[in-house]
Amino acid sequence: MDFFHSLILVLDSTVRLSIPLLLAALAGLYSERSGVFDIGLEGKMLAGAFAAGAAAAVTGSAWAGLGAAMLISIFLALVHGFASITHRGNQIVSGVAINFIAAGSTIILGQAWFRQGGRTPSLPGEARFSSIDLPFAEAVRDVPILGEVYSELISGHSLLTYAAFLLVPFTWWVLFRTRFGLRLRAVGENPAAVDTAGISVSWLRYRAVICTGVLTGMAGTYLSLAQNAGFVKDMTAGRGFIALAALIFAKWRPVPVMFACLLFGFLDAFAIRIQGTPLPLIGQVPVQFMQALPYILTVVLLAGFIGKAVPPRAGGVPYVKER
Amino acid sequence: MAETAIELKGISKSFGAVHANRNIDLKIEAGTIHGIIGENGAGKSTLMSILYGFYQADRGRIDVAGKTVTIDTPSDAIALGIGMVHQHFMLVQNFTVLENVILGAEGEALLKTSIAKARSELERLERDYGLEVDPDAVIEDLPVGLQQRVEILKALYRGADILILDEPTGVLTPAEADHLFRILEQLKDEGKTIILITHKLREIMAITDNVSVMRQGAMVATRETAETSVEELAELMVGRRVLLQVEKGEATPGDVLLAVEGLTVKDSRGVTMVDNMSFEVRAGEIVGIAGVAGNGQSQLLDAITGVRKAVSGTVTLDGEPVDLTGAADPADLRERGMAHVPEDRHHVGLVLPFEENENAMLGYHRQAKYLNGPFLNIEAIRADAREKIEKYDIRPPDSRLRTANFSGGNQQKIVLAREMEQDPKVLIVGQPTRGVDVGAIEFIHKRLIDMRDQGKAVLLVSVELDEIRSLSDRILVMFAGRLVGERGPDASESELGLLMAGVEEKEAAE
Ligand SMILES: Nc1ncnc2c1ncn2[C@@H]1O[C@H](COP(=O)(O)OP(=O)(O)OP(=O)(O)O)[C@@H](O)[C@H]1O
Ligand SMILES: [Mg+2]
């Protein structure tokens, strides 16, 4: 049963590690499906994590932290929207700028406000989204296999984790079953068709980037209030980019996005698990290799195995009707 | 007098330095079909897009049903009962027909009910107008004729009373165009008003009640169709007399310069598109290939020019074989004297974001006259482009302008000038006048005859039967990938029409 137990542990940390990826990738999905490429997921997530850490430290409320994170990350999303939708600027440049602003300002503000070297103060349990036990988790713990799966793997995560998983079918439903979703997909493919159908292209794209802001805010909050007890500088550590890779990998579809994020989360969990323990035949695997694996995997799989990832046709191109 | 459906007063619109519409007045009577004609770039699409709210006029007023209205967005126009089928379709390629139809007119926030409603409404429209199309088909799988139906359905679904069609027949086969016109007649009988833009004067004469002519951004005349003629309209459009039928002398065919033997070509799905075709083109003659679009003409052109792999057969260019493995070097073919005016100027013939002078020599850029050691000789290239602009009357005469900013007819002239000025032995031309106005057609036809008289072998592929008949010295008819007959230039239209429809040789001759 030892192997089974370690498997459960690895899977459990897989879930924990994939949540920020999942939230960020779903965030990117809204924006990119509407034709606005967003390389600034990383920056928005980081700013959100900082805002959540700071607000929770000051107010002592996790919900205030979440609210602050969403506000700041919606604000940054609107900046990106203003640059790329209203002013038809280059979306990559605008996204990179947001990443830089977030990386720099979180450290400066953190140091100015809390004087802990860019961290926010360590938070007590009530100011965090701590893990919640599902009903009967204790009672069924001793049931073989299923009991352990339920109590260890399914129960005992934070509210944000359950919310993230619920957002997967929700996003699918929004995208494919609602008027907003139909228009969102249309505007990412052919904005002129949306325009001539009597719908405002700009307003639609703004609503999409607001959705992105809400979700990156949640992703940031998860990092500083659920996974950790406060903000640490650069705590996103490239997760915004891995989320982008997952989004491409999943061809901009919600359910595959979830599996892609779980896969990348699993690689991460596995890497942590085998750290320092040599593998049979291979020997010691450098940790850098494991960290690079998601990117390598994306490139290799996209190159040959899962076919071409066709991005939304109007993605990255500002909508201009008068040349 | 009938009621006025739409009145435009003093509409002006500029795109940067381009004056697309100048002070335009136009009155459209309710319940009529009103044609609008004009040269490429005359401003027809711009004017209609203003009426539809897609562009905003700089100045001017619009009255709908006698009341002055403001149309700032397409939704304003839709609310006023105006629908438009754009020259370049406004469809979401990976959506189904149904999704495209309801986009923007969904009604409720959830799709389920609106889709169900649209499905039954579509069925009704299909029945009433014979606009059959599978509501669950994905747009990118549909041929252009059907895509256009979807555009019409979109407008009707929104309850349009005034329907604008911008060059609807440019992409249609003659049979599809006839079908479209029957639908338009039916809509007119129901009291709807239709505005039809086309370059084909015959269509104007056949179906419209009134016709307005635009030239260089201005409205130059409006006529009752019954009281005008094709000649008068052509002259109004171009501002001078136009020869609708080119004059040409007898051909004096010489040596065989292009020989095709048993050529068979399959498309990407493995369907045989060209089936064992053999023919020759001699120096000093124009051989026309007639056929309804989609009968293998495109694949034939691709194979001869070495772009697409042939399954079997040979192509000989002035005695030397052409590589038919699909890997032929276009530069090599050009050097050997094969010039090619492709069917699709936007995707194959030109790089639209490039300056005119760059496109005017692209493909021949390895020639010494364009080079300065390892670098391009920019001065020589521009001088060369200016010469071509002058000789081919390309407008505006600006070799530094982005190619995308030229109108369709002028873009076509850029390609023709590039290929013809290289003094090729064999000239292969696909759809040389698609979407091109009568003035430019006259010019292009004259140039093709000139090429013939200079002793070039010209292979002309066109779906326009008039064009084939007036230019060709010999006419080959293609149907379902096979050559089904050869006729002289005096073959009657009905005889060719039967061959093109696949009626057997013997029956057609009777
Ligand atoms: N969106 C745009 N931006 C800049 N210039 C434009 C735009 N649309 C049209 N033009 C220019 O305005 C002029 C009128 O163009 P328009 O498309 O209205 O002509 P048209 O009469 O429809 O021609 P065609 O028969 O080729 O369709 C042209 O010179 C064109 O290059
Ligand atoms: Mg036009």
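Side chains are part of it too, since the values below use all heavy atoms of this structure and drop only hydrogens, waters and symmetry mates. Chain letters run A, B, ... following the sequence lines, proteins first and then strands; every chain starts at 1.
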Taking every heavy atom of B:Leu103 against every heavy atom of A:Ala197, the minimum-distance pair comes out as O-CB, 3.5 Å

Hey, are the side chains of A:Asn190 and B:Leu91 touching, using non-hydrogen atoms and a 4.5 Å cut-off? no

Most chain B-contacting option - heavy-atom pairs closer than 4.5 Å, from A:Asp195, A:Thr196, A:Val194, A:Ile199: A:Thr196

With a strict 4.5 Å heavy-atom criterion, list every residue of residues 138-148 of chain B that contacts chain A, or say none. B:Glu140

Please check if atom CZ in A:Phe170 has more than 12 non-hydrogen atoms from other residues, nucleotides or ligands closer than 6.0 Å. no

For A:Gly198 and B:Ser75, work out which heavy atoms get closest and say how close. O-CB, 3.4 Å

Contacting region of B:Asn100 [heavy-atom separation from chain A under 4.5 Å]: neither

Would you say CZ of B:Arg59 has more than 12 non-hydrogen atoms from neighbouring residues, nucleotides or ligands within 6.0 angstrom? no

Determine the option with the most heavy-atom pairs under 4.5 angstrom with chain A, choosing from B:Met90, B:His88, B:Met84, B:Glu108. B:Met90

Of all of A:Ala186, A:Gly181, A:Ala192, which one pairs up most often with chain B through heavy atoms under 4.5 Å apart? A:Ala186

Less than 4.5 Å to any heavy atom of chain B: does that hold for the side chain of A:Arg183, its backbone, both, or neither? both

Under a 4.5 Å heavy-atom cut-off, does chain A meet the side chain of B:Phe54, its backbone, both or neither? both

Among B:Val18, B:Asn94, B:Ile115, the residue with the most heavy-atom pairs under 4.5 Å to chain A is B:Asn94

Measuring only between side-chain heavy atoms, which start at C-beta, is B:Ile102 closer than 4.5 Å to A:Leu182? yes

B:His86 portion near chain A, given a 4.5 angstrom heavy-atom threshold: side chain

Choice from A:Arg185, A:Arg179, A:Glu189 maximising heavy atom contacts with chain B below 4.5 Å: A:Arg179

Rounded to the nearest 0.5 Å, what separates atom CZ in A:Phe180 from atom CD in B:Glu106? 12.0 Å

Would the number of heavy atoms belonging to other residues, nucleotides or ligands and lying under 6.0 Å from CZ of A:Phe82 be above 12? no

Enclosure of A:Phe165 CZ (heavy-atom neighbours >12, cutoff 6.0 Å): yes

